[in-house]
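Down below is the structure, laid out as structure tokens.
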There are 2 protein chains.
Amino acid sequence: MLKLYSKYPKHFVAVDCIIFGYDIAEKELKLLVIKRSFEPAKDKWSLSGGFVKEGENLDDAASRVLSNLTGITDLYMEQMHTYGSIDRDPGARVVSTAYYALIGIHEIDTEKKESNGAHWRSISRLPELIFDHNQMVKAALHELLHKVKSQPVGFELLPEKFTLVQLQELYEAVYQRKIDKRNFRKKILSMNLLEKLDEKEKVTSKKGAFYYRFNEEKYNTFTTNGFFFNLDVT
Amino acid sequence: MLKLYSKYPKHFVAVDCIIFGYDIAEKELKLLVIKRSFEPAKDKWSLSGGFVKEGENLDDAASRVLSNLTGITDLYMEQMHTYGSIDRDPGARVVSTAYYALIGIHEIDTEKKESNGAHWRSISRLPELIFDHNQMVKAALHELLHKVKSQPVGFELLPEKFTLVQLQELYEAVYQRKIDKRNFRKKILSMNLLEKLDEKEKVTSKKGAFYYRFNEEKYNTFTTNGFFFNLDVT
DNA sequence: CCAAAAGTGTTTTCTCTACACCCATGT
DNA sequence: ACATGGGTGTAGAGAAAACACTTTTGG
């Protein structure tokens with residue numbers, strides 16, 4: 001390796017993962033937080049993070065942290081923002097890139113979650129987090145809100161099969177407001193992205209609600225043709 | 001300083017600045033590019049960047065690079081994305097955070113620009129840039145396009161006083177398409193963010209066009225009340 | 001048979017779009 | 001008086017919003 005840049009300083013580089021999960025039963029958006037196991041700020045609540053290794057891509061570091069914690073390997077994960085204030089981490093100067101992921105709350109490997117001291121916490125009742133982690137979460141929520149309107153990411157938070165009621169409740173949880181049932185269904189179905197299955201979910205009602213499935217192929221056809229997902233309902 | 005993290009590797013951290021300028025005369029969006037003065041890739045076209053110093057905030061590093069190049073100190077600058085592939089820079093593994101700035105093409109200190117080997121290049125005729133810089137520009141343009149629709153950042157690219165014609169031409173340059181004059185004026189004026197001045201610009205026409213000014217106070221009133229700037233015109 | 005949740009259409013309102021002529025002025 | 005760019009309104013189409021009753025079925 002050439003020593004071209006040897007006069008410049010090096011820094012610790014880390015990633016922090018903001019893992020959102022949707023709890024279909026409680027109809028709440030949750031965040032995965034961990035009890036930090038090392039100094040500084042040991043035993044405080046924190047996002048899960050990790051240092052970027054030598055010869056490891058930044059994105060790969062984020063995936064590694066996520067998979068160590070949840071067992072999930074292949075996942076929608078998006079870089080959000082990089083935090084680089086010199087004093088953000090009292091242990092040393094660390095530049096940290098925050099990523100966020102959307103998962104169904106039950107997709108997670110419970111073993112791994114427990115052994116890492118991770119817990120789901122409702123976003124409306126978050127604990128105090130270390131460093132600038134609360135700020136990160138706030139920014140990620142803000143971005144999620146915008147994202148959810150313009151791209152069909154909501155489906156990432158649900159199991160493969162879901163009912164329209166569940167989908168609506170998810171949007172209500174994210175938007176933090178009520179949505180009109182008829183308008184919601186009209187709009188989402190008119191996009192032709194959902195496939196109605198022959199199966200019904202019969203736990204929450206006697207009549208039962210039809211399951212639907214997100215059709216990724218159709219979505220890709222649309223996007224390549226300059227289609228713009230836009231879910232903005234009453 | 002505690003040696004808490006000493007077992008982890010350190011990395012070079014850099015910033016790259018994507019500086020967009022609007023040329024009010026040529027009605028074109030331009031990008032500031034420089035001829036790189038050092039190895040590797042010496043004499044190739046590049047964004048202007050720099051390594052983050054010891055004890056320097058990430059954002060401050062971006063501001064420093066910008067001000068060295070343009071003389072502009074106080075500016076709207078936004079972090080875009082962090083690029084962290086291990087082989088993106090052939091000189092060494094460098095994690096680089098890209099920022100973009102919007103300025104009027106004439107706000108710049110010409111001395112500084114020349115002495116740094118910087119040039120304005122129309123975004124429709126960009127040269128090949130080093131490393132992943134073309135990718136950065138493409139991403140920044142994409143983000144600019146979305147941003148411009150949802151936030152009144154267009155004004156950053158214009159001088160304090162501007163005519164509605166100039167503002168429309170700016171949006172046409174960014175969107176890369178014609179906008180209906182009457183619809184544009186109707187929409188932008190209905191937002192009540194512009195202040196009509198008593199002065200006219202009389203260079204480009206005999207009749208003269210009234211100057212307007214962006215009213216930041218009004219904008220702040222709106223945003224705090226949950227207002228959403230939305231410019232999406234014919 | 002009734003409670004509980006699923007499912008379904010229509011009307012009104014508003015926003016977006018398309019479109020063409022008059023105005024002011026310097027030469 | 002005319003050429004040049006600045007400025008203005010309206011009608012029609014399409015999208016968003018408001019709104020309430022019927023259906024199914026397990027207990």
Side-chain angles (χ1 to χ4, degrees), chain A residues 24-27 148-150 158-159 161-173 175 177-213 222 226-234, chain B residues 24-27 148-150 158-159 161-173 175 177-213 222 226-234:
Chain A
I24 206 166
E26 294 189 31
K27 303 170 192 177
V148 138
K149 285 187 189 178
S150 60
L158 288 173
K161 296 185 295 185
F162 51 85
T163 69
L164 291 182
V165 174
Q166 290 168 339
L167 185 62
Q168 179 176 346
E169 285 166 348
L170 161 61
Y171 276 93
E172 290 178 338
Y175 288 161
R177 64 183 171 81
K178 274 281 170 202
I179 296 172
D180 181 90
K181 193 177 14 166
R182 280 175 286 189
N183 292 338
F184 178 81
R185 287 167 173 251
K186 206 187 313 167
K187 184 137 196 184
I188 202 93
L189 288 175
S190 74
M191 290 179 185
N192 265 332
L193 295 173
L194 298 187
E195 229 177 294
K196 189 175 186 172
L197 305 181
D198 274 336
E199 205 182 341
K200 278 189 165 185
E201 188 275 341
K202 304 211 53 162
V203 180
T204 47
S205 82
K206 290 158 185 169
K207 183 178 177 181
F210 279 104
Y211 276 122
Y212 286 77
R213 181 165 53 191
F222 282 126
F227 162 85
F228 192 62
F229 181 91
N230 183 1
L231 191 68
D232 205 352
V233 279
T234 319
Chain B
I24 205 166
E26 294 189 30
K27 302 169 190 174
V148 138
K149 284 185 189 178
S150 62
L158 289 172
K161 295 186 297 187
F162 51 85
T163 69
L164 291 183
V165 175
Q166 290 168 341
L167 184 62
Q168 181 177 343
E169 285 165 348
L170 161 62
Y171 275 93
E172 289 177 339
Y175 288 161
R177 63 182 173 82
K178 274 282 169 199
I179 297 173
D180 181 90
K181 195 180 8 169
R182 280 176 286 191
N183 292 340
F184 178 81
R185 294 163 96 98
K186 205 188 312 167
K187 184 135 195 187
I188 202 92
L189 289 175
S190 74
M191 291 179 184
N192 265 333
L193 295 172
L194 298 187
E195 229 177 294
K196 188 176 188 172
L197 306 182
D198 274 335
E199 204 181 342
K200 277 189 166 186
E201 190 272 341
K202 304 211 52 165
V203 180
T204 47
S205 82
K206 291 156 186 173
K207 184 178 177 181
F210 279 104
Y211 276 121
Y212 286 77
R213 182 166 51 192
F222 281 125
F227 162 86
F228 192 61
F229 181 90
N230 185 0
L231 190 68
D232 205 351
V233 277
T234 318

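A, B, ... follow the sequence lines: proteins, then strands. Residue 1 opens every chain. None of these values were measured; they are calculated from a predicted model.
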**Asked** How many angstroms lie between atom CG of A:Leu158 and atom CZ of A:Arg213, to the nearest 0.5 angstrom?
**Response** 14.5 Å
**Asked** How long is the line joining CE of B:Met191 and P of C:dT15, in whole Å?
**Response** 12 Å
**Fill in**
Between B:Glu201 and B:Tyr211 the two heavy atoms that sit nearest each other are CG-OH, 3.3 Å
**Request:** May I have the distance from B:Leu189 (atom CG) to D:dT8 (atom P), rounded to whole angstrom?
**Result:** 8 Å
**Message:** With a 4.0 Å cutoff (strictly under), does any side-chain N or O of A:Arg182 reach OP1 or OP2 of D:dC19?
**Reply:** no
**Prompt:** A:Leu167 has an atom CG; how far is it from atom P of C:dA6, in whole Å?
**Reply:** 13 Å
N/O contacts under 3.5 Å, protein versus nucleotides 10-12 of chain D?
residue : atom : partner  : partner atom : Å
D:dT10  : O4   : B:Lys186 : NZ           : 3.0

Table of protein N/O atoms under 3.5 Å from nucleotides 23-27 of chain D N/O atoms:
residue : atom : partner  : partner atom : Å
D:dT23  : O2   : A:Lys207 : NZ           : 3.0
D:dG26  : OP1  : A:Lys202 : NZ           : 3.1

**Prompt:** Expressed in angstrom and rounded to an integer, what is the separation of A:Glu199 atom CD from C:dA6 atom P?
**Reply:** 16 Å
**Fill in**
Between A:Phe210 and A:Leu197 the two heavy atoms that sit nearest each other are CD2-O, 3.4 Å
**Request:** Using atom CD of B:Gln168 as one end and atom P of D:dT8 as the other, report the distance to the nearest whole Å.
**Result:** 13 Å
**Complete:** Winner on side-chain proximity to B:Val165, out of D:dG6, C:dG7, C:dC19, is D:dG6
**Asked** Only one of B:Glu199, B:Gln166, B:Glu195 forms a side-chain hydrogen bond (donor to acceptor under 3.5 Å, both in side chains) with B:Lys161, so which one is it?
**Response** B:Glu199
**Request:** Could you check how far CZ of A:Arg177 sits from C1' of D:dA17, rounded to whole Å?
**Result:** 12 Å
**Message:** Tell me whether B:Lys196 forms a cation-pi arrangement with B:Tyr212, defined as NZ or CZ under 6.0 Å from the six-membered ring centre and within 45 degrees of its axis.
**Reply:** no
**A:Gln168 side-chain N/O to A:Ile179 backbone N/O, donor-acceptor pair under 3.5 Å** = yes
**Prompt:** Taking atom P of C:dG26 as reference, at what distance in whole Å does atom CD of B:Glu201 sit?
**Reply:** 13 Å
**Request:** Name the nucleic acid region contacted by B:Thr204, choosing base, sugar-phosphate or nothing; use a 4.0 angstrom heavy-atom cut-off, strictly under.
**Result:** sugar-phosphate
**Prompt:** Counting N and O atoms only, with roles assigned by atom type, does the side chain of B:Lys181 sit under 3.5 Å from a partner on the main chain of B:Val165, one being a donor and the other an acceptor?
**Reply:** no
**Asked** Is there side-chain contact between B:Leu164 and B:Leu189, with heavy atoms separated by less than 4.5 Å?
**Response** yes
**Asked** Expressed in angstrom and rounded to an integer, what is the separation of A:Ile179 atom CD1 from D:dA16 atom C1'?
**Response** 14 Å
**Asked** Has A:Lys200 got more than 12 heavy atoms of other residues, nucleotides or ligands less than 6.0 Å from its NZ?
**Response** yes
